Amino acid sequence: MRARVAIALVAASVVAGCAGSAPRPMGDGAARATGGDVVWGDEYEGVLLDTDPEDAHFGDGSAFAADALLGETRVTRARAAVGPLSVVVRQSDGPPVGALAWNARRAGVVVGAVRPTLAEGAVVADARASGAVEPRATPRVDGLRLAPSSSTWGSFDGAGARVSLGGLRLSAGAWRDRAHPERAAAWSSLGIAGARSAGGIAAGRTPAGASALSLYGARATGPGFVAAETGLAPDGIRGVLRGVVGPWRVLLASGAVAAAHDPLPASAARRWGAGVERRATLGRIATRTLVSSRTRRDGATVEWRQRVDWSGAAMLDGARLETGVRATRTRARVAAGLLDAPAPPDKEDEVRARVAVRTAGDRDGALRVEQLWQLDLVATGGESDLGRVALWQGRASTGHADVRLRVTAFDLGNGQLAYAGRAALPGAATFTTLSRSGVDVSASLALRLGWGMSTGVQAVRAPAGASRVVVRVGVDW
Amino acid sequence: MRTVLRSLPVLWLCVVIVAAPRASAQVAFPSVEERVLGVRGDGAGMHGGPDGGRARIEFGDMELFGIAGLRISGARLFTAVRGVPVGAELARLGSPVGAQQRACGSIGWRGDRWRASLRAGVESLALRGAATESSPVIGLASAADVGSLSLSADVETIAGGGDRAWLLALAMTGRIGARASVVTSLRYDGPGALALGVAAIAPLHSRLSLLAGYDDGTETLRVAAVIATGRWRVASGVFRHPVLGQSQGLSLAGDW
């Protein structure tokens with residue numbers, strides 16, 4: 001009840017505007033994208049592949065878009081936009097989830113399902129993107145920001161508003177966990193942005209009376225920028241320092257735990273991490289090297305993870321060659337003092353390597369064919385066999401039809417896991433976890449029927465032999 | 001029996017024949033024989049229809065492990081009808097306990113540095129004392145050229161006995177110099193097997209090439225020689241399995 005009151009109070013205080021703010025460039029410090037976008041799989045902590053793709057792309061640029069996915073799980077989505085006003089809604093197994101937003105240049109309002117973020121994520125972070133210790137290159141520095149969402153699990157029920165006056169930006173919002181209404185918070189932030197600097201302060205409070213404070217700032221420094229945030233949360237001081245200078249990116253984080261279902265972090269889960277990333281281009285070869293270390297304490301368990309990740313990409317006669325190696329060492333044990341005799345830590349070492357080739361060609365300019373060949377090797381400590389995952393994907397598309405076939409064959413040892421995407425309909429990307437051996441086959445066909453209407457079908461044959469078919473019908477005006 | 005078929009090496013020699021002189025212009029349809037023989041992977045860049053001519057025909061025969069009555073033979077034809085690549089393939093594995101036969105037809109497409117073909121056919125298994133079992137076969141093969149590399153993929157599904165088997169073979173042929181090639185392959189024939197293979201093709205003379213390779217899935221060492229004369233290419237090879245023993249075969253391919 002108190003959470004509802006808090007939400008109502010904040011919503012009532014809305015003057016105008018959505019909490020989402022336009023990104024403010026602060027220099028050209030972002031390194032160019034390279035072949036470092038290799039998804040290995042256990043990024044699931046931060047949910048890369050698992051992100052609801054429809055939130056990001058469904059209906060983008062359209063006045064109205066709606067579709068229905070008819071399969072084992074039925075999903076209905078709709079998005080409409082008229083000028084600064086937009087609405088998005090998604091209905092799956094449970095009640096509909098969606099948001100109404102009005103987003104003008106100087107003000108904005110959002111009501112419904114929201115994904116809150118604040119500055120560098122030291123205190124409040126998007127649950128869908130804060131898992132890995134990877135320094136972002138984006139120079140944007142926002143205060144409180146509530147993005148409209150239709151994600152069932154990655155959003156909160158809430159409302160927020162933003163007002164921008166020159167360089168001043170005032171945001172306020174409140175939200176609560178959909179499944180646990182007692183987990184709620186109300187936040188507000190005041191930020192100021194100049195030509196090369198930005199900063200602000202934010203404060204939050206829970207219905208139970210717990211408070212939190214955040215100070216953030218950023219400054220462009222010639223070839224890059226530095227951003228920092230320090231927060232005072234109920235469980236202690238948190239901080240994030242992020243810097244981008246030329247090809248280098250550095251991240252130091254304390255307490256930047258994914259804030260999912262924890263609007264005002266006070267949980268036992270804590271995280272400390274550091275990551276250094278370098279992106280470089282040598283001729284036609286682009287490389288990315290990331291060295292990171294993360295410590296996470298979740299209740300009585302403390303886990304350390306060190307990782308070295310290298311990937312590279314090169315254009316070769318019209319094809320894209322991608323390769324990468326990632327080595328991870330993980331140690332976990334019960335925190336000291338909780339056992340009479342400390343148990344030895346659980347150890348897990350893992351090395352993954354990948355090579356992939358992407359090709360694209362056409363036939364008379366009308367039929368475009370894209371193909372992907374990929375081989376993954378997985379080695380884990382304690383398992384003598386080298387796990388193998390072979391993947392081929394073909395895609396043929398014309399202006400009206402898009403056909404995809406993806407076949408993943410795998411042979412993995414005990415305890416080895418791999419992750420594979422699937423051929424999917426637009427806005428319905430899926431992936432699966434692989435173990436042991438088998439083959440995962442997926443295919444999709446999407447058709448544009450004219451008048452903005454489209455339809456499609458996706459078929460999946462899982463390694464265990466189960467089959468699944470999803471039919472999609474939609475309009476996009 | 002089917003498993004045996006998929007793990008035996010034979011008309012791979014056809015692959016040798018075509019791959020030896022020029023790997024770039026082939027890759028199109030890994031054939032029935034190669035799949036039956038379990039050597040599709042080696043066949044990356046193997047064949048794909050007429051190499052500048054109107055038609056190609058291939059024959060192959062191999063005795064397996066010195067076992068009387070255990071041999072595999074086959075033929076395939078590739079041509080183009082009004083610019084559309086088409087092909088037909090027949091293969092037969094005879095053994096003392098029965099025979100397996102396979103017939104497929106294929107149709108292809110060619111684009112800018114890529115090729116693809118769709119095939120359909122039937123596989124029949126006739127064991128002595130048992131009814132003949134037939135299974136429909138559908139396959140898709142695709143390939144692309146990237147500089148001096150040729151990449152190929154072959155996906156096939158066979159329905160039968162209330163089950164459906166899926167097969168996948170990926171291969172890469174790298175050309176070194178004018179005619180030498182290295183072929184690496186990855187083949188999935190069923191649960192528990194994702195086999196790697198590697199083979200090298202070295203030209204000794206304008207009319208003579210040698211091939212040597214190893215397939216991890218069948219644990220087979222392979223050595224072959226290819227002689228090219230006019231429109232014909234003749235290959236003879238030996239396959240050595242550490243337990244089953246030695247197999248040997250001959251193949252013949254011609255272009256018009």
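Each chain gets a letter, A, B and so on, in the order the sequences are listed, and its residues count up from 1. These figures come from a predicted structure and were not determined experimentally.
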**OP:** Carefully, step by step, assess A:Arg461 and B:Thr157 under the rule side chain to side chain contact (heavy atoms under 4.5 Å, CB included).
**Re:** CA-CA 12 Å; A:Arg461 190 266 187 195; B:Thr157 178; over 6 Å; no
**OP:** Could you walk me through whether B:Trp114 and A:Leu367 pass the side chain to side chain contact (heavy atoms under 4.5 Å, CB included) test, one step at a time?
**Re:** CA-CA 12 Å; B:Trp114 62 270; A:Leu367 175 67; 3.9 Å; yes
Original post:
How far apart are the C-alpha atoms of A:Leu375 and B:Leu186, what are their side-chain angles, what is the distance that settles it, and do they pass the side chain to side chain contact (heavy atoms under 4.5 Å, CB included) test?
Top reply: CA-CA 9 Å; A:Leu375 170 64; B:Leu186 200 59; 3.3 Å; yes
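When all heavy atoms of B:Ser142 and A:Gln371 are compared, the pair lying nearest together is OG-OE1, 2.6 Å. A pairwise comparison of heavy atoms in A:Phe410 and B:Tyr188 identifies O-CE1, 4.3 Å as the closest pair. For the residue pair A:Ala409 and B:Leu168, the shortest heavy atom distance occurs at CB-CD2, 3.8 Å. Of all heavy-atom pairs between B:Leu170 and A:Ala390, the closest is CD1-CB, 3.8 Å.
The contact between A:Gln374 and chain B is made entirely by backbone atoms, counting heavy-atom distances below 4.5 Å. Within the 4.5 angstrom heavy-atom criterion, only backbone atoms of A:Leu391 (N, CA, C, O) approach chain B. Interface remark: B:Leu140 contributes side-chain atoms only to the contact with chain A (heavy atom separation under 4.5 Å). For A:Leu321, no part lies near chain B; criterion is any non-hydrogen pair under 4.5 Å. Interface remark: A:Val439 contributes backbone and side-chain atoms alike to the contact with chain B (heavy atom separation under 4.5 Å).
In this view, A:Ala319 and A:Val357, A:Thr359, B:Val146 satisfy the side-chain contact (heavy atoms from CB on, under 4.5 Å) rule, not counting sequence neighbours. Under the rule for a side-chain contact (heavy atoms from CB on, under 4.5 Å), the partners of A:Arg358 that lie at least two apart in sequence or sit in another chain are A:Arg320, A:Glu322, A:Leu372.
More than 12 heavy atoms of other residues, nucleotides or ligands shown are found within 6.0 angstrom of CZ on A:Arg278.
At distances below 3.5 Å, at least one donor-acceptor pair connects side-chain atoms of A:Trp373 with backbone N or O atoms of B:Ser152.
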